[in-house]
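These notes concern the structure reproduced below.
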Amino acid sequence: MTQHNHDVPDSETYDAAASSLAGQVDNSVMAELLSIRSSIDNIDATLVYLLAERFKATQKVGFLKAAHRLPAGDPGRETAQISRLRRLAEDAHLDPAFAEKFLNFIIGEVIRHHEAIAEDHQAAAGNQEADPAPQASRQAGIPSGPQASVVA
């Protein structure tokens with residue numbers, strides 16, 4: 001599911017001191033700039049790992065929804081989450097409009113993932129009904145299909 005983009009430097013090749021400002025500003029200013037940027041880099045890494053954890057949790061929701069034929073989106077939940085995130089953003093002195101745009105982007109991705117999971121689930125269910133062996137396994141409670149290793 002995860003693809004490595006070879007155009008983006010990884011932690012082994014990333015040069016935290018890379019800057020088009022090198023040699024153009026006083027060394028003490030550059031040192032302070034790099035120190036602040038180091039903190040930003042750490043926060044960015046944390047955000048990536050937090051998003052990965054969030055998507056692992058939403059994937060579980062997607063499998064549950066697919067298994068029970070629930071819709072991929074939940075407008076009531078989404079509205080409540082956006083309101084909640086806007087309040088949190090205000091409390092954190094972050095632009096609430098930015099927070100809402102960010103959450104809307106995430107919600108869009110989650111729905112897209114849930115729709116794909118539902119399609120895979122339906123395809124697997126169709127294949128299992130066509131082939132009695134997987135259907136027998138399903139009736140026995142043995143997971144099968146592409147989601148079996150993820151759910152199990």
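The residues of the chain are indexed from 1 along the displayed sequence.
A salt bridge links Glu109 to Arg112: at least one charged side-chain nitrogen sits closer than 4.0 Å to a carboxylate oxygen.
Summarising the geometry, atom NZ belonging to Lys56 is positioned 12.0 Å from atom CG belonging to Leu51; distances are rounded to the nearest 0.5 Å. Here Leu50 contributes atom CG and Ile43 contributes atom CD1; the two are 11.5 Å apart, rounded to the nearest 0.5 Å. Atom CG of residue Asp44 and atom CZ of residue Arg37 lie 12.0 Å apart, to the nearest 0.5 angstrom. Rounding to the nearest 0.5 angstrom, the gap separating the CZ atom in Phe63 from the NE2 atom in His68 is 13.0 Å. With rounding to the nearest 0.5 angstrom, the CG atom of Leu64 is 9.5 Å from the NE2 atom of His114.
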Donor-acceptor list for residues 16-30 side chains, cut-off 3.5 Å, not counting sequence neighbours:
residue	atom	partner	partner atom	Å
Ser19	OG	Leu21	N	2.9
Gln24	NE2	Ser20	O	3.0
Asp26	OD2	Ser28	N	2.9
Asp26	OD2	Ser28	OG	2.4

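A donor-acceptor pair under 3.5 Å links the side-chain atoms of Thr46 to the main chain of Asn42, judged by distance alone. For the pair Ser35 (side chain) and Ala31 (backbone), a donor-acceptor distance under 3.5 Å is absent.
Within the 4.5 Å cutoff, no side-chain heavy atoms of Gln59 are placed close to those of Val110. For the pair Ile36/Glu32, a side-chain contact is recorded, criterion being any heavy-atom separation below 4.5 Å from C-beta on. Looking at heavy atoms from C-beta onward, Thr58 lies out of side-chain contact with Ile106 at the 4.5 angstrom threshold.
Smallest separation of non-hydrogen atoms from Ala66 and His121: O-CD2, 3.3 Å. Between Ala72 and Lys65, the shortest heavy-atom distance links the atoms O-NZ, 2.8 Å.
Members clustered with Leu88: Ile82, Leu85, Leu103, Ile107, Ile111, by chain and number, using a 4.5 Å side-chain heavy-atom cutoff among hydrophobic residues.
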